[in-house]
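Numbers here simply count residues along the sequence, with the first being 1. All values reported here derive from a predicted model rather than from experimental measurement.
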Amino acid sequence: MTDTDLPATRGWQVDEAARAKVLADYDFETIRDDKALGKLTDFAAALCETPVALINIVEQHRQHFLVRTGYDGIETPPETSFCGVSMHGGDTMVVTDATRDPRFADNPQVIGEPFIRFYAGVPLKTEEGVPLGSLCVIDTVPHPDGLTALQHQGLVTLAESVMARLRDSRDAAAWRASDNANHRALTESHNRFRVLADSMPQMVWSTLPDGYHDYYNARWYEFTGMPEGSTDGEEWNGMFHPDDQERAWALWRHSLATGEPYQVDYRLRRADGEYRWTLGRALPLRDETGKIVRWFGTCTEVHEQKQASEEREVIAQELSHRIKNIFAVISGLIGFAARANPGFRGISDDLRERVTALGRAHDFVRPHSAQSRPAAAQSSLHGLLDELFRPYQQGEGTRISVIGGDVNIDDRSATPLALLFHELATNATKYGALANDEGRITVEIAPQDDKVCLTWSETGGPEVVGTPDPSGFGSQLIEMSAVRQLGGTVERDWRREGLVVTTCVPLKAFSRT
């Protein structure tokens, strides 16, 4: 609000009697001793580069200074009060040079002590809009440029913190004045909560239903080194690492909108300026109707655990990479042995293909960095099968199609699944649907209550005549993978148009979770 946005006289229609009743609800004598308010006026003066900052309460017959920074007076008459004017506005009132403002040029505080020249005040109003006074800064020299945008925002934020403190004092006064046993019990419970919260090693905080932060325990201020009350409202997000602020704020807004529990890890700035990994959690407190009445949350430092987890991930990736190299070495040794013994080339080729299939399965589920991670989710059975069948998808069209629902897998099931489907694909290449250019294969995944049935269906290949000997090495390998390792069953149907293999495996065999 500029110098000319307010009327030149105090001619408002204000029910002073009603306002006096509102003022009587506040315990101003007790709030004078609140050191946190003194820190707020100290900060306001420093922020706006003025020698004086005041929290004023304007009553019908006097203006008294609740908290003072850089000023010795206790009260002034209301008719000389700048705050008596500013508190009735809707925004910050700024007077850049009082000697040039017709409302204040003849004011005794302008032409005499304390020789006010610059004034900026933010109204202090109740939830119902009743003006109590203002938070103001004063200087004895003009400020031609008024307030910067940052100074204006800072004063408004500080005024909100002042009103939060005043509301606390009002509520406390109401509790002390009441003889109601329920109020006394509530006070005792509130005090017990504060004592308990301040004794906890975690940082504890609480908000209003709309998410306004109005309480932190002692551990929060000890960890962050911030003045008490300075992180109220939305200022908490400024304590986070800049790269984490948007994510944390989005999750908090989502919890406020849905009532879902809040959980996020972020880097919190410690008092020495170092950012430390912290786990934030919050749950809503609801009344008997289910309405959220407060949020209670904690911040737990997890910096060492986070670093240890990252180190373990690096080690896991390195070990897994070495295992991948071992598969390559084994495959190379098999090829070297085959060259030295040409008579074993057929066996060596089969063995090397199986080792390669195991290597592909391992590479799919192993820990990856962000750069090497497969496009498909590593817990996806569809993704694993697509990776295994990639060498067989040659020519035009898709030779092997995977349909049906997906199933979560992990490293435990990837190896037997790779052996099972590699063997089926190898046999199809030699004798079945992949032995010509027309054949096709469909793998259908059918999750049921406690098991998953995988159906391998071949069509378009050479006509099946008779039933092959089931005692061969490949058949034994399929049995070993599906039955002994996965605990499932295998049924083969040698249809004339192509082989159908149905393997049913318990759901719990696919993933530990």
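Tyr221 and Ser230 share no donor-acceptor pair across their side chains, judged by distance under 3.5 Å alone. Checking Glu301 against Thr278 by side-chain atom types alone, no donor-acceptor pair falls below 3.5 Å. Checked by atom type, the side-chain pair His152/Thr92 shows a donor-acceptor distance below 3.5 Å. No donor-acceptor contact under 3.5 angstrom links the side chains of Glu444 and Thr455, judged on distance only. With no hydrogens or angles considered, a side-chain donor-acceptor pair links Trp220 and Thr231 at under 3.5 Å.
Shown here are the side-chain contact (heavy atoms from CB on, under 4.5 Å) partners of Thr157, two or more places apart in sequence or in another chain: Gln153, Glu235. Every side-chain contact (heavy atoms from CB on, under 4.5 Å) that Pro447 has, sequence neighbours left out, goes to Val407, Ile445, Val452. Partners of Arg270 under the side-chain hydrogen bond (donor to acceptor under 3.5 Å, both in side chains) rule, at least two apart in sequence or in another chain, are Asp272, Glu274. Residues passing the salt bridge (charged side-chain N to carboxylate O under 4.0 Å, His left out) test with Glu228 are Arg165, sequence neighbours excluded. Remark: Asn107 engages Thr80, Phe82, Phe104, Gln109, Val110 in a side-chain contact (heavy atoms from CB on, under 4.5 Å) (not counting sequence neighbours). Under the side-chain contact (heavy atoms from CB on, under 4.5 Å) criterion, Thr140 pairs with no residue, sequence neighbours left out.
Judged purely by atom type and a 3.5 angstrom limit, His61 has no side-chain atom pairing as donor or acceptor with the backbone of Glu59. The closest donor-acceptor contact from the side chain of Arg19 to the backbone of Pro131 lies under 3.5 Å.
Side chains of Pro227 and Phe43 form no contact here, defined as non-hydrogen atoms less than 4.5 Å apart. The shortest side-chain heavy-atom distance between Gln202 and Arg219 does not fall under the 4.5 Å cut-off. Under the 4.5 Å side-chain criterion, counting only non-hydrogen atoms from C-beta, Thr300 is not in contact with Trp277. Side-chain contact check for Phe240 versus Arg269: every heavy-atom pair is 4.5 Å or farther apart. Within the 4.5 Å cutoff, the side chain of Leu385 has heavy atoms near those of the Val443 side chain. A 4.5 Å side-chain heavy-atom check between Met203 and Leu268 finds at least one atom pair inside the cut-off. Side-chain contact between Val58 and Ser81: present, with at least one pair of heavy atoms (C-beta onward) separated by less than 4.5 Å. Using a 4.5 Å heavy-atom cutoff, the side chains of Glu304 and Arg276 are in contact.
In this structure, CE on Met239 lies 13.0 Å from CG on Asp244, to the nearest 0.5 angstrom. Rounding to the nearest 0.5 Å places CH2 of Trp295 at 8.0 Å from CH2 of Trp205. Distance OG1/Thr76 to CG/Leu54: 9.5 Å, rounded to 0.5 Å.
The two residues Glu222 and Ala271 come nearest to each other via the heavy atoms O-CB, 4.4 Å. Minimum heavy-atom separation, Ala159 to Val122: CB-CG1, 3.6 Å. When all heavy atoms of Ile111 and Ala105 are compared, the closest pair comes out as CG2-O, 3.4 Å. Contact record, Pro506 with Gly487: CD-O, 3.3 Å, taken as the closest heavy-atom pair. Closest approach of Tyr119 to Ser134, counting heavy atoms only: OH-OG, 3.4 Å. The shortest heavy-atom contact between Gly404 and His382 is O-NE2, 3.0 Å.
Other residues, nucleotides and ligands contribute more than 12 heavy atoms inside 6.0 Å of the CD atom of Glu260. Atom CG of Asp210 has more than 12 neighbouring heavy atoms from other residues, nucleotides or ligands inside a 6.0 Å radius.
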Checklist entry - Yes or no on side-chain contact (heavy atoms from CB on, under 4.5 Å) for Arg267 and Asp243, after CA distance, side-chain angles and deciding distance? => result CA-CA 9 Å; Arg267 286 159 288 184; Asp243 292 344; 3.6 Å; yes
Checklist entry - Could you go step by step and tell me if Met163 and Leu132 meet the side-chain contact (heavy atoms from CB on, under 4.5 Å) rule? => result CA-CA 10 Å; Met163 282 308 305; Leu132 305 181; 4.0 Å; yes
Item to check | Derivation of the side-chain contact (heavy atoms from CB on, under 4.5 Å) call for Ile292 and Leu285 | outcome: CA-CA 6 Å; Ile292 295 176; Leu285 177 66; over 6 Å; no
Next on the checklist: What verdict does the side-chain contact (heavy atoms from CB on, under 4.5 Å) test give for Val85 and Met93, after you've listed the backbone C-alpha separation in whole Å, the side-chain angles of each residue and the deciding distance to 0.1 Å?
Outcome noted: CA-CA 9 Å; Val85 179; Met93 184 182 86; 3.9 Å; yes
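Between Cys136 and Cys83, the gamma sulfurs sit at a distance of 2.5 angstrom or greater.
Ion pairing between Asp265 and Arg281 fails under the 4.0 Å rule for side-chain N and carboxylate O. Salt-bridge check for Lys39 with Asp42: failed, with every basic side-chain N at 4.0 Å or more from each acidic carboxylate O.
Of the options Thr99, Asp101, Val95, a side chain to side chain contact (heavy atoms under 4.5 Å, CB included) to Asp97 is made by Thr99 and by none of the others. Only one option out of Thr207, Asp287, Asp214 pairs with Arg294 in a side chain to side chain donor-acceptor pair (under 3.5 Å); it is Asp214.
Between Tyr262 and Trp252, the ring centre distance stays below 6.0 Å.
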